[in-house]
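This is a predicted model, so every value here is computed, not measured.
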Amino acid sequence: MNLDLNAIRQFVKVADLRSFTLAASQLGITQSGISRAISRLEKQLGVKLLHRNTRSLSLTADGELFLSRVRPLITGLSDAQHEIQRHGCTPKGTLKISAPSAFGRAIVIPMVSELLTTHKQMDIELVLTDRLVDIVDEGFDAVIRSGPVADARVIARQLAPAHWITVASATYLARHGVPQTLADLSQHNCLRVRLATNGQINPWQFNHNGKATRLNVSGNLLLDHGDPLVDAAVNGIGIAQLLTFFVRPYLANGRLQQVLAQYAPTPQSLNLLYPPSRQYSAKLTVFRDALMKHWSTSPK
């Protein structure tokens, strides 16, 4: 009996995820294609492998037995293929990446310059947006994202966290005074951002008496994303809260000053996300390694 190896791979993926939808997404094929392949496999074996209905999916006793025998074989073949690809492939072709706008401008673009100089056969499509892109449906190879990861379809590689800082220009502080407590912010013009992810105005974050505190501040300037906050703060319009990596040059040259340092909030988690199907890609590997190195050595 010559069993279809691709059908067996698809069965293992469906069995592991307990979902035709997720399996199809990770394998890059249609649900109907997987369903037909597994039906052919069941016919070849003469047994039913899966209990299927519109609400649930489970393995039959024969399916459990078959899975226990074939999973080690499929895993071994996959590992061997990936090892060959990892050691034998030159990074080439287009790598499609998305990152938050500020992080992309301050961290990714300087890193990409060196990466493209080193790897001549590689192109990068970089989408800088604060919108939550769909990594699978929109065809991204990887996405840099802040906050918790809720997408079970992707692999998450944790990056060093980023730090928040509250800043204002010397001109603004000379005119309006330096806030000493969180309560003082009610007397100041606080620059705000409406989040692209949910349309809400982003509250400021602080750590007060050892507890995380979110504060709804007020001011006369509301922006649609965070990048212009730097320009607004530098021009003395008001106080802003930003990630430190984005304002470090302005702190160094004195155009911005930190305020309320004693209330610095908990650092922001960052992750590099990518589909399992991309994890052994040579172009993603060199990007991931360069990002980990560059970000780990960057001031946070």
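When every heavy atom of K283 is checked against every heavy atom of G93, the shortest pair comes out as NZ-C, 4.2 Å. The minimum heavy-atom distance between Q44 and D4, with the atom names listed, is OE1-N, 3.8 Å. Taking every heavy atom of both residues into account, Q26 and K13 meet most closely at OE1-NZ, 3.3 Å.
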Can I get a per-line list of side-chain donor-acceptor pairs under 3.5 Å for residues 249-268, giving both atom names and the distance, sequence neighbours left out?
from : atom 1 : to   : atom 2 : distance (Å)
N253 : OD1    : R255 : N      : 3.0
N253 : ND2    : P249 : O      : 3.3
Q262 : NE2    : Q180 : O      : 2.9

Sequence neighbours excluded and cut-off under 3.5 Å, please list the side-chain donor-acceptor pairs for residues 103-122, or say none.
from : atom 1 : to   : atom 2 : distance (Å)
R105 : NH1    : D227 : OD2    : 3.0
T117 : OG1    : S113 : O      : 2.9
T118 : OG1    : E114 : O      : 3.0
K120 : NZ     : T117 : O      : 3.3

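Taking a cutoff of 4.0 Å between a charged side-chain nitrogen and a carboxylate oxygen, D16 and R71 qualify as a salt bridge. Under 4.0 Å is where a charged nitrogen must lie from a carboxylate oxygen, and between E42 and R52 at least one such pair does. Contact check on E64 versus R69 returns no salt bridge, with no Lys/Arg side-chain nitrogen under 4.0 Å from an Asp/Glu carboxylate oxygen.
For the residue pair S32 / T30, a side-chain donor-acceptor distance below 3.5 Å is found, with atom types taken as modelled. Between the side chains of T166 and Q241, a donor-acceptor pair is found at a separation under 3.5 Å.
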Inset, instruction - Would you check, one step at a time, whether the test salt bridge (charged side-chain N to carboxylate O under 4.0 Å, His left out) holds for R278 with D141? - result: CA-CA 6 Å; R278 304 286 205 281; D141 294 290; 2.7 Å; yes

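Aromatic rings of Y274 and F140 (six-membered ring for Trp) have centroids beyond the 6.0 Å cut-off, not under it. Between W295 and F245, the ring center distance clears the sub-6.0 Å criterion.
Applying the side-chain hydrogen bond (donor to acceptor under 3.5 Å, both in side chains) test to pairs two or more places apart or on separate chains, those with a residue in residues 213-225 are N189-N220.
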